[in-house]
Amino acid sequence: MSISSQIGSTMQRSSWIRRMFDQGIELKQKYGETNVFDFTLGNPSMEPPREFKEALIAAATDPRPGLHRYMPNAGLPEVRSAIAESVSREHGIHLTARHVVMTTGAACALNVALKALLDSGDEVITLAPYFVEYLFYVPNHGGVNRIAETRSDFGLDLEAIAEALGPRTKALILNSPNNPTGVIYPEEDLKRLNDLLAGHERNTGRPVYVIHDDPYRRLIYDGHKEASSLKIFDHGIFCTSHAKDISIPGERIGYLAVRPDAADADALMDACAFTIRVLGFVNAPALMQRVVAGIQHVTVDVEVYRRKRDLLLDALLEIGYRCVRPQGAFYLFPESPIPDDVAFTRSLMEHRVMAVPGSGFGRQGHFRLAYCVEDSTIQGSLAGFKAAFDQAQRLTQS
Ligand code: PLP
């Protein structure tokens, strides 16, 4: 075979999710788009806010010359300054443009940071359930995944993290608000995690960088607050994007920010400016950098997602499903009524409801629903959720 054997086998392993997507396409062809209730993709249903379109028009019609040329790899200096100001305000610590690299989304930010940090064989702790792409990003750069389970309510399990720590641990990826569970880790737990990592550093002499993957940072409900990871973690790296908060995932714009007094922060910033180049991104899109710089205060109407969460969650609880109430992001991660989550999502599919098995996120016995969909999709799906649940109950009782 001419493609890399490593890529070939990785694709093979992840292909069952792909097969579910393919089956979904077949279902839609058979029953029509509106008669299949698809909760598989975290693709925002909301349009970007008015301010985005205004900023886009202003940036596109800016008459100054040279606006579409190459630039410093870390991004436009004035944009990095604007982002640094906004992050400083939000996180309560002082950052400058030096501590910011503009990226093509959070995925790029994560890869840029990991490439800058990892030597071959270095370990990265990922908390399960996880955003599955982490498992690919870490080996992209010679790293080795170490998985630490979270508790049954998806809160941090410090003992599991302590067990995963070792002499080669270089980083830990933290995703809060979380995909797939929607939980937000409380500030106290994050502080305890930092204490644990500081203790590890004292014993080994090696800092552990905490990479906070935070694309859902503004999709937070019910008055919950997200703690400032850059303030809490001695060696914090903050990765985010505007994919979800202003609903522009296709535009590929985000950034990473590093705590100024993190270990070797200066070298790390230089390394990130280099890795974004050699990974082939070169720099984040010029037009989008200028667009988002001026609208850092803008977010989609979060109430819309909160209502969708309640519409779906309350109906599922009423049917009898069990589910941790998400505090942010736009995912539910209910328990599967039968232990085999793959079989259960197949059963949902027979009722024209599409979900992703929890096994795909490293937690069996659950399934993920992305509720960033039209209300009609939620309403139309409820009969299918009920039928699949009742069928599962009959199966477990027989
Ligand atoms: N991290 C998490 C947890 C995500 O859910 C996603 C996208 O869904 C990403 C990163 C990638 O974000 P982006 O589209 O900004 O690269």
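Side-chain atoms are counted along with the backbone in the values below, which use heavy atoms only and exclude waters and symmetry mates. Whatever order the structure lists them in is the order used to number ligands and atoms, beginning at 1. Model, not experiment: these values are computed from the prediction.
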field: Element-labelled atoms of ligand 1 that are located less than 4.0 Å from some non-hydrogen atom of G105
entry: 15 (O), 16 (O)
field: Per-atom contacts of ligand 1 with N175, taking only distances under 4.0 Å to non-hydrogen atoms
entry: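 So the answer, numbered in order with elements, is 3 (C).
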- prompt: Looking at ligand 1, does any of its N/O atoms fall within less than 3.5 Å of an N/O of T104?
  reply: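 There is no such contact.
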What's the shortest distance from [atom] to any protein heavy atom, and which residue and atom give it?
atom	answer
atom 12 (O) of ligand 1	A106 CB, 3.7 Å
atom 2 (C) of ligand 1	D213 OD2, 3.3 Å
atom 7 (C) of ligand 1	K244 NZ, 3.3 Å
atom 15 (O) of ligand 1	S241 OG, 2.7 Å
atom 11 (C) of ligand 1	A107 N, 4.0 Å
atom 5 (O) of ligand 1	Y216 OH, 2.6 Å

task: Say whether R252 and ligand 1 are in contact under the criterion: heavy-atom distance to a ligand atom below 4.0 Å.
output: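 Per 4.0 Å heavy-atom rule, R252 contacts ligand 1.
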query: Does some non-hydrogen atom of P215 fall short of 4.0 Å from ligand 1?
result: yes
message: Rounded to the nearest 0.5 Å, what separates atom CG in L158 from atom CG in L197?
response: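 CG of L197 is found 9.0 Å from CG of L158.
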message: Please state which option from F131, F330, Y134 has its nearest heavy atom closest to atom 9 (C) of ligand 1.
response: F131
statement: Smallest heavy-atom separation, K28 atom then D38 atom, equals NZ-OD2, 2.7 Å
message: Give me the atom names and distance for the closest heavy-atom approach of A286 to L76.
response: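 Heavy atoms of A286 and L76 come nearest at O-CD1, 4.0 Å.
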Verify same cluster id: V183, L369 (apolar side-chain graph, 4.5 Å):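 No, separate clusters.
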Taking atom types as modelled, is there a side-chain donor on [X] or [Y] under 3.5 Å from an acceptor on the other?
X	Y	answer
E51	H297	no
H94	E85	no
D214	N175	no

message: Could you check, using the six-membered ring where one of them is a Trp, whether F330 and Y216 have ring centers closer than 6.0 angstrom?
response: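 Ring-ring flag for F330/Y216: true, centres closer than 6.0 Å.
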